[in-house]
Structures are given as structure tokens and as C-alpha cells.
**Q** 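Below is a structure I'd like to ask you about.
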Number of protein chains: 2
Amino acid sequence: MNRKKRVTIYDIAQKLNVTASTVSRALSNNGYVNETTRQLVLKIAAELNYKRNTLASNLRKGETKTIGVIVPRINQNFFANVIAGIEDSTYQKDYNLIICQSDELHEKEIKCVNTLINQHVDCIVISVSADSYNYDHLQNVIDQGIQLIQFDRVAEELETLKVINDNEQASFEAVCHLIEQGYKKIALLEGPQNLNIFRQRKSGYLKALRKFKIKVNNAYVVENAWTKELGAAATKKLLSLPDAPDAIFASTSDFSALGVLEVANDLHIKVPSQLGICGYSNEAFTEITSPSITTIDQFSVDMGKAIANLYFDEMEKAEASVTPKIISIKPKLIVRGSTIRRGLEENQEIKSQESR
Amino acid sequence: MNRKKRVTIYDIAQKLNVTASTVSRALSNNGYVNETTRQLVLKIAAELNYKRNTLASNLRKGETKTIGVIVPRINQNFFANVIAGIEDSTYQKDYNLIICQSDELHEKEIKCVNTLINQHVDCIVISVSADSYNYDHLQNVIDQGIQLIQFDRVAEELETLKVINDNEQASFEAVCHLIEQGYKKIALLEGPQNLNIFRQRKSGYLKALRKFKIKVNNAYVVENAWTKELGAAATKKLLSLPDAPDAIFASTSDFSALGVLEVANDLHIKVPSQLGICGYSNEAFTEITSPSITTIDQFSVDMGKAIANLYFDEMEKAEASVTPKIISIKPKLIVRGSTIRRGLEENQEIKSQESR
DNA sequence: TTTCAATATGCAATCGATTGCAGAAAAATA
DNA sequence: TATTTTTCTGCAATCGATTGCATATTGAAA
């Protein structure tokens, strides 16, 4: 393709017999410029369809008004929603977003980071990939003088601005709810323990068991069960135990919980009377399954807005906070059909379970 | 925040007592540079943690190796998947992606376009918003010498590269399937007719009715029913007609079809025996509802890959094609429980309908 | 009326990387 | 050995927009 010559401020300057300096001042309305001259500049610029070259102006100004966002997967609902929330806020402030995805790969995450550093973005927002095992590349962001904000999945040893969910509390509440509904043998489907979010969800699970003096059964904790298929496989294993669980908390995702539900249906196990199911993330489908699935809403769009606003607040300060700020979004337990047992039903179903 | 001084090629040049010119040649391995010198440059660059400033190099080189993508909403599954597909391919070619969303607003779409023009992206990929009513801003992209690729929702009067779905054929097949299942009174939930995709879906609907010599009933065509709520409202209206439809093709989205299903359940109308339901887009939930919903898969990730590859193919040509290429992805009808009636059931249910 | 402040414009440098070309040195060829 | 070709480096300009500062003019204040 033959690249057309783009109109520059020199073309406008020539037409008006002024210098590029005057044109620049008129276009940016910065510094002194005569109003009549300014209107002429704007008029010619429009006629010639001039578009500023932000490569040049950003290079000269030393800022890009651009935020780079790195997420594990763009087409995962949680992250797409967070991005939408960030975009809502940054649009108001005339900031640009560059969005990258790591595909849950360490190597790709490093590449994303370097690309954004090279692009001289003003801030990098990141949720780390499952594959990531060291965070030198994030330290590098800080070393280059770029603002770094971590969200959801964070490298805890890096003291940066953070926007997180209170995963432990949400998990704690979910498991307490299960126990209050009469479930006694609660299994946990967990994610990779190198990620903070899954560690915290497990921590909340254990805390709830402790609160109610329920003994921890290690056979009830299954690793890496975060897709529907992995959730289903884990469920088959759990339900074939001699002392099978009576509830499954899929702390990794609603997809995992969906896999649990499908296996329960296949095995003609009644939900919620014989088996309770709780997911995580409040995916759209959790309210349309039969029964609908109890889950945890992470307020992902709000999280995105909090991230953007944290950045803008920090920019407005004369100097950086001594201790980087951490914002914690409180998730909400959404109780639905998959975990609701009533007193009367409870008596009947306990009997039914003993005969299974 | 106090912006740190970034390491530049001049810092490396100084340390090695060579000029920036040599450093540049060494880093890019372009032109002649002594191998020993080159290795020294790379070593010092790594020690100093030098990062190229792509603002500067892109400005000088006159290319950015960046593709700008504008979609109506990032957190809508179809678009998120297309983006994922584009990213898969562009990552292989070391191209950067800048992703913008128009929020279905004309004004915001114009802003996105201008931002990308200013950024000197090499290509703009766009699916137009529902609100868009003229396409001067897209013509402007072409005038600035930037490659423009439209996908899915396109401005038909603009002759550009395009990647589309064969919406008419998919719709035609869906409606034929409904008719073949014995549905005789088929309603259409349509989207805004300024968008090509919805016009084509309606066109396929009409074509199928013509093929089977079924008279078009205008009362069965409902406008702007593209969310779950709007689909539910439209369904209530349709089902209260004296001569209610026996099938509803929600050509706008699966969410709309979900609204139909919920109303049917509320009114104790049996699906598929009394009412057939077909959606569009193969959202994840369509296979988990009861009954699962017949829908159309648009192969969105593949579409994204086709878009990226179209761009790269076009770039490799010595000159632009005389007639811009149009790639048509063939969607697939996914038949599920919501539209399957058997011969025996058909006889029973026709009788049941007459008594309703 | 004189002095000071505000307005306006142009010049030249800057931002950081790239590259055409000149000149020098080394290597290859006649 | 002389000539030609290849390799290497540095200089200077380029990319397009911005901005500090000098200079000139106009307007306001003393």
C-alpha cells in the first residue's frame, strides 16, 4: 500500500504565511496566539483534514495519556467487564487504553509488558497469568518509572497500587452459608495456589470450617478444577468416595460449578437437597440453570472503574504515597436455588442421603 | 509522579565511546556493524535495561505495526472472541493491537477513529455501532491512507476490505429448519434495520417463508428486541395475539431468545412442542438451558483470525486489489432441544394448540 | 510622558531513534 | 602492487509537534 503524505502543521503554516510554532499554539490553544489567527488556523486545519501525529507530540511532551492493560484472556467475562469499567472512566479523562492479553502465559506476559514500556504508556494495569512464577518484569515497570496497578491476581511481594476482591471473606461467607443450610461435608474445587485469589478462597473455606468446628478432610480438596470439564471430572471423583461430600464449593469459577451440576444431573443426584453447589463469579448463566447456582459476584465493572480512578487520584497527588494504596472490593454472595434447603426438606433429605 | 529519565541510545553510545548511529545499527542489526561492537552494545543495553522508545522509532520509520480495533462493546462475547482471534494472529507477526469500544454510540465511534488516526495505526478494523448513521469518519480513514477492514456490521456503501457472516443464509436455514419441524406461524424478533446484519437475517427469514409458500404476517415481526428483557416483552405481546405464533426466531441474539424462553416457562407453554425457539450467536448458556436452545454459531474467533490474515495478505501485495476483497464466514445452525419435534408429538401438540 | 506588563510571533532547539551518505580502513581481485 | 569492493563508523539530517526565549508591538499603570 502506498502511504499517503499526511498533512502536517507545516502545510497549514505555509498556507497562512505563519510559522509552525504559531500553528501549534493555535491548535493546542496554549501560549499566546491572536484570536483571529487562531480561527484561521482551525479553519485551514479542518479544510485540509489535518490530524495531529500523536507519535510526534507524545515524544516531545514526554507523556502519552495512555494506560496499558494486561489481562490473562480478553474473552473471559470477568476481565472483559473490568476492561469495560476501566474504559468508562478513562474515556471521560481523554485517556487512551491499550489492551493486551497474556493467554495465561508467562512469556507472553513479559512481551506485553515490554511492548507497553516501549510505547511509553503512563500506567500499566495488570492481572497476572496463571503461568507466571516470577515478577522481574513487573519490577522493571516500576524501574522504568511507569505507574503499576495490579488487580485481582496480584504479585503480593510487589508493593504497588492494587485493586483486589476480598476473596477470603467472600469464600468464608459462602461456606458458612453452606454449613448453615445443613451441609456438613463440603468439598473445595481450588485453582493454582501460586495465584493469590485461589489461596485466599481456600483460606476462607478453611476458616469457615474452623468456625463451625468441622474437621478438614483433605480428600475433599481438589486441585486445578477451573474449567467445566475439570470441574466435572473432579466431581465424579469426589462423589465416588465412600464418604462423599454433600456440597461442592467451586471456588475457581462458575464454569467449574456448571460441570458439578451436570455430573449431579447425570448421576440423578438431587440439587440442592442431596448436594449443594456454589460457584464463583456470577456468570450470566448461573441464574438460568436448573436449579440456579449460588455464586459470588465480584462487581467486575466497578472494579475497573476503581482501578482507573485510583490511577487518576494518584496522578493528582504532588508526590507518591509512601505506602501504595490497596483498594479492596467486597464481593457479594448471591444465594440461589443450588444451596437452599428448608428445615422440613432437610429432615427428609438426610434420611435420603443415608440410603444412598 | 516524578518521571525517571529513561536510558537512551546516547547513554549506551557514551559508555562505549561510539556514536548513537552505531548503537542503533547494532540494536536493530541493520546495516554494517562490527560483530564485536554489536555484542558490546547488546551487553551494555541489557545492563542498563535499555528499552527502545517506539514513539521515536515509529515516528522516524513512518510505520507503527499497530492495528486499531473498534467494536461496539468489549464485554460482548462475540466481539471479545473476534478480538481474541485477531490477537492470536497479530501476535505471531509482532503486531500490536489497540482496542477501542464505541458503546454503540456514533459520537464515540468517531472519537475512537480519530484517536487511532492520530496514533498512526497501520490498519483500522471496525464493526459499526447501532447508533451510526453516516460513515464520513470511515471515509476519512481511507483518505488518510490507512487500511480499513470492516467486519460483521459494515457500512455497505463503503468499498473496503470486509469480513462478514452469511447472515441471510444462516437465517434462511434456521427458518427452514423450523418449518420442517412443523412450525407454521413463525415470528421474527429483529434488530435495527440500519445495520446490515439484521437486514440480512430478516431477508433470510422472508426467503424461507417464500420457499415454503407461507404468507408473511407483519404482526409476527417485532422490532428492536435484542436484549433478554426486550425479547421477553416482545414475546408477551406475540403470545397474546389471537393467532399466536408457534415459533419465535430471535434473530438478534441468544439473550433475546432466553427472554422468550423465560416467558414461555412463565406462561406454561411447552417448548418445543407448543413453541419453537431459535436464537443467534451460540452463547455459552444456550446449551445449558432447559431445553437447550437452537442457535447459530458465527465462528467468532475464526472470524478474528480471518480479519488479521486478510490484512497481512493485503500488505504483502505489491499494490492494492482493484476490488476490495470480501471474506464471508459461513455460520452454522446448531440444532438443540428448543426446536425438535417428533412426528408423534406433533400430532398431539397440534391438538393441544387448538385448545389453547 | 515614561515605564512596566501583556500580547504576539518567530527562531531554534528538543524529544529519541533511524538512515543516507561520505570517508576511511580492510579485504578481495586483477 | 595497484585497483576495486566490502566493511565499518561518524556526521548530519530527518520524522512532526512542542516550547523556551528573544524581540517587537500594544496596552495599562505610574
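It should be emphasised that the depicted structure is a prediction, and the values quoted were computed from it without experimental measurement. Below, each value reflects all heavy atoms present in this structure, side chains not excepted, and no hydrogens, waters or symmetry copies.
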**Q** Looking at DNA chain D, which of residues 38-46 of chain A put a heavy atom within less than 4.0 Å of it?
**A**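 None, since no heavy atom is under 4.0 Å.
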
**Q** Mind checking whether B:Val23 and B:Tyr50 have side chains closer than 4.5 Å, heavy atoms only?
**A**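 No, every pair of side-chain atoms sits at 4.5 Å or beyond.
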
**Q** Can you classify the ring geometry of B:His106 versus B:His137 as parallel (below 30°), tilted (30 to 60°) or perpendicular (above 60°)?
**A** perpendicular

**Q** Considering only NZ, NE, NH1 and NH2 on the basic side and carboxylate oxygens on the acidic side, decide whether B:Lys108 and A:Glu87 come within less than 4.0 Å.
**A** yes

**Q** Answer yes when B:Asp94 and B:Lys65 have at least one side-chain N-carboxylate O distance shorter than 4.0 Å, and no when they do not.
**A** no

**Q** Could you check whether A:Glu47 pairs with A:Lys43 (Lys NZ or Arg NE/NH1/NH2 to Asp/Glu carboxylate O, under 4.0 Å)?
**A**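 Counted as a salt bridge, because a side-chain N and a carboxylate O are separated by less than 4.0 Å.
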
**Q** Produce a footprint string for nucleotides 6-18 of chain D: one letter per nucleotide, 5' end first; B if the base is under 4.0 Å from any protein heavy atom, S if only the sugar-phosphate is, - if neither.
**A** -BBBBB--BBBBB

**Q** Please check this pair: side chain of A:Thr54 against backbone of B:Asn118, looking for a donor-acceptor N/O pair closer than 3.5 Å.
**A**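 Yes; at least one donor-acceptor contact below 3.5 Å.
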
**Q** Does a side chain donor of either A:Ser129 or A:Ser132 reach within less than 3.5 Å of an acceptor in the other side chain?
**A** yes

**Q** When you compare the side chain of B:Val69 with that of B:Ile126, does any pair of heavy atoms fall below 4.5 Å?
**A**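 No, side chains not in contact.
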
**Q** When you check the gap from the basic side-chain N to the acidic O, do A:Asp143 and B:Arg6 get nearer than 4.0 Å?
**A**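 B:Arg6 and A:Asp143: not salt-bridged.
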
**Q** Can you check the B:Asn29 CG to C:dT19 P distance for me, whole Å?
**A**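 Going from CG in B:Asn29 over to P in C:dT19 covers 13 Å.
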
**Q** Please report the end-to-end axis angle for the helix from C:dT1-D:dA30 to C:dA30-D:dT1, five pairs per end, rounded to 10 degrees.
**A** 30°

**Q** Do A:Lys93's NZ or CZ and the ring of A:Phe312 fall within the cation-pi criteria of under 6.0 Å and 45°?
**A**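 Satisfied, under 6.0 Å and within 45°.
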
